[in-house]
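What follows is a short report on a single structure.
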There are 2 protein chains.
Amino acid sequence: MNSNPANTTNPNGSGATGEGVSAAVPAAASPTFSPLYQQIKGLITQSLESGEWKPGEIIPSEVELAARYKVSQGTVRKAIDELAADNLLVRRQGKGTFVATHNEDRAQFRFLRLLADDGAEHPHVSRLLECRRLRASADIARQLDLKPADPVVLIKRLLQFDGEVTVLDEIWLPGAVFRGLTLERLSEYKGPLYAMFETEFGTRMIRATEKIRAVAAEPTVADLLRVPAGFPLLSVERVSYTYGDRPVEVRRGWYVTTGYYYQNDLS
Amino acid sequence: MNSNPANTTNPNGSGATGEGVSAAVPAAASPTFSPLYQQIKGLITQSLESGEWKPGEIIPSEVELAARYKVSQGTVRKAIDELAADNLLVRRQGKGTFVATHNEDRAQFRFLRLLADDGAEHPHVSRLLECRRLRASADIARQLDLKPADPVVLIKRLLQFDGEVTVLDEIWLPGAVFRGLTLERLSEYKGPLYAMFETEFGTRMIRATEKIRAVAAEPTVADLLRVPAGFPLLSVERVSYTYGDRPVEVRRGWYVTTGYYYQNDLS
DNA sequence: TAGTGGTCTAGACCACACG
DNA sequence: GTGTGGTCTAGACCACTAT
């Protein structure tokens with residue numbers, strides 16, 4: 001690369017044409033500088049998003065990708081390193097690099113960090129209450145980046161830990177993405193919700209933000225969770241994002257934290 | 001390094017004698033294999049822990065460290081990369097690498113993730129209630145890795161956001177480490193608690209774990225927080241760790257989440 | 001034995017900060 | 001300009017997995 005004669009300025013970005021980084025000298029003076037490995041990272045992300053490599057599948061080896069993008073293996077490595085750190089890819093020494101998935105991993109705990117008081121990670125079972133299609137409220141529309149009154153799907157469910165009702169979830173999804181999602185289909189599917197979204201609707205949840213509060217249980221909620229009205233509950237408002245930081249889920253959860261706690265690590 | 005004639009096996013670890021990695025060929029077949037850069041990371045961590053480089057100070061350049069440890073710059077780089085990812089070091093392009101500190105950064109929010117409903121990060125002021133020395137209960141002793149009845153310091157304080165009382169904290173510290181910590185000294189110090197611990201007691205908080213629950217305010221707590229008894233509060237039980245994963249603080253907090261929320265990012 | 005990711009090296013050059 | 005971290009390359013070898 002260093003001997004590339006076409007060594008004019010490389011105002012970045014422009015070099016991402018899909019099948020090889022074009023005018024890509026290591027770097028060049030420019031107000032908006034983006035290193036090569038970041039461009040490679042973008043190209044790989046595109047392939048992930050487009051479904052060229054699906055969750056659980058292996059992606060081409062570093063050597064192959066280096067040849068494909070016409071960069072050194074080290075540059076591909078750095079791109080993959082970051083994608084692995086972002087939980088988009090999983091490296092396995094001796095085997096290859098794989099697209100991360102909600103299906104196999106122990107990715108369960110990653111999005112529901114509820115532990116028993118003894119620190120154990122108990123399994124839970126879901127009990128579906130309803131699944132309706134309706135029009136987005138202004139609030140939900142804003143959070144899902146939709147227009148008000150756009151179609152959305154609303155799911156309500158309970159989670160039981162050791163038979164105890166512990167979590168009530170209300171989940172809003174963009175109707176356009178989740179066509180054909182019915183209560184029946186939900187109840188047929190075995191495994192985590194996010195695994196289903198990924199497998200059945202091609203939408204992979206990448207990251208989420210949560211707003212956590214303590215609230216008093218309202219009568220209807222208290223009823224479902226089998227606690228007295230006014231009982232202190234953990235309120236968890238989550239927005240989940242997929243590729244490109246596009247929001248694809250709003251979730252409002254109420255957790256009974258008697259015997260269980262929400263685990264968080266600050267580092 | 002590859003031409004090192006002393007090319008016997010390197011059962012790792014042994015090569016860390018303080019002033020250069022001794023028998024350190026890139027690697028060697030061995031059941032407990034640890035790469036060179038991990039050993040370098042350990043040596044750097046030792047220098048941080050021993051106070052050779054203090055919080056806020058600059059550490060030697062990558063080239064200098066490479067010479068000191070007799071490895072390539074790339075290997076030092078990888079060690080520093082991880083330490084920076086762990087928030088022990090901070091890299092600044094063109095200037096150097098610095099020891100992280102609770103004094104300057106915006107490290108405030110890192111350990112108190114309370115935001116106003118509008119998402120703004122409001123400043124807060126602390127109002128000290130008391131600072132006593134007493135003997136550790138069995139529970140506190142266990143969490144601080146002390147023997148029961150060992151001396152501990154207990155601090156109680158309130159935090160006000162925009163003048164509103166929002167947080168009540170009870171903080172337990174090992175008495176042996178925090179000698180001479182008095183309410184007067186606490187009240188004199190300007191800035192975050194962790195900054196004081198770092199500056200005045202040489203103890204730097206590296207990471208923490210939190211257990212979060214919703215609880216009903218008990219009368220004494222409710223009084224201090226100016227809410228009715230039974231009011232739903234966020235209960236946050238934190239254990240903080242310093243170098244070597246040694247626990248050095250147990251903190252029990254009660255948060256009023258009216259107008260504020262605890263922000264958490266899942267990724 | 002072959003292929004993959006993981007480590008280590010050495011050298012070149014770029015971007016940034018500061019005198 | 002000088003020094004720092006940041007990027008990129010090329011090549012060697014190690015560790016792990018599968019065949």
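Note on naming: letters A, B, ... go to the chains in the order of the sequence lines (proteins, then strands), and numbering restarts at 1 for each one.
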Could you state the [atom1]-[atom2] distance from [X] to [N], rounded to the nearest angstrom?
X: A:Lys78; N: C:dG5; atom1: NZ; atom2: P; answer: 18 Å
X: B:Tyr37; N: D:dA15; atom1: OH; atom2: P; answer: 14 Å
X: B:Phe33; N: C:dG5; atom1: CZ; atom2: C1'; answer: 12 Å
X: B:Lys70; N: C:dC8; atom1: NZ; atom2: C1'; answer: 17 Å
X: A:Leu65; N: C:dG3; atom1: CG; atom2: P; answer: 17 Å
X: A:Ile40; N: D:dT9; atom1: CD1; atom2: C1'; answer: 13 Å
X: A:Leu36; N: C:dA12; atom1: CG; atom2: C1'; answer: 15 Å
X: B:Gln73; N: C:dT9; atom1: CD; atom2: P; answer: 11 Å

DNA chain C contacts made by residues 81-88 of chain B, counting heavy atoms under 4.0 Å: none
Angle class for the B:Phe201/B:Phe197 ring planes (parallel below 30°, perpendicular above 60°, tilted otherwise)? perpendicular
Any salt bridge linking A:Arg251 with A:Asp169? Criterion: basic side-chain nitrogen under 4.0 Å from a carboxylate oxygen. yes
Basic-acidic side-chain contact under 4.0 Å: A:Lys211, B:Asp117: no
Flag side-chain contact, heavy atom, 4.5 Å: [X] against [Y]:
X: B:Trp53; Y: B:Ile44; value: yes
X: A:Thr75; Y: A:Tyr69; value: no
X: A:Arg113; Y: B:Asn264; value: yes
X: A:Leu114; Y: A:Leu159; value: no
X: B:Tyr255; Y: A:Ile212; value: no

Heavy atom of residues 55-64 of chain B under 4.0 Å from DNA chain D: which residues? B:Ser61, B:Glu62
Side chain of A:Ser72: nearest nucleotide among C:dC8, D:dT9, D:dA15? D:dT9
If the condition is salt bridge (charged side-chain N to carboxylate O under 4.0 Å, His left out), which residues does B:Arg207 pass it with, not counting sequence neighbours? B:Asp245
Name each donor-acceptor pair under 3.5 Å that joins a side chain in residues 118-125 of chain A to protein atoms two or more places apart or in another chain, with its distance.
unit_1   : atom_1 : unit_2   : atom_2 : d
A:Asp118 : OD1    : A:Ala120 : N      : 2.8
A:His122 : ND1    : A:Asp162 : OD1    : 3.4
A:His122 : ND1    : A:Asp162 : OD2    : 2.4
A:His124 : NE2    : A:Gln108 : NE2    : 3.3

Can you tell me whether the side chain of A:Arg77 and the base of C:dG6 have a donor-acceptor pair closer than 3.5 Å? yes
Does the side chain of B:Arg91 get closer than 4.0 angstrom to OP1 or OP2 of D:dG6 through an N or O atom? yes
Look at A:Thr75 and D:dT7 and indicate whether a side-chain polar atom (N or O) is within less than 4.0 Å of OP1 or OP2. no
For A:Arg185, does the CZ atom sit with more than 12 other heavy atoms under 6.0 Å from it, leaving out its own atoms? yes
Determine to 10° how strongly the helix from C:dT1-D:dA18 to C:dC18-D:dG1 is bent, judged from the axes of its five-pair ends. 10°
Please write out the pairs of protein N or O atoms and N or O atoms of nucleotides 17-19 of chain C separated by less than 3.5 Å, giving the distance to one decimal.
none

Using the salt bridge (Lys or Arg N to Asp or Glu O under 4.0 Å) rule, pick out the option among B:Lys54, B:Arg246, B:Arg204 that qualifies with B:Glu49. B:Arg246
Pair A:Ser240, A:Tyr194: side-chain N/O donor-acceptor within cut-off below 3.5 Å: yes
With no hydrogens and no angle check, do the side chains of A:Glu237 and B:Tyr261 hold a donor and an acceptor under 3.5 Å apart? no
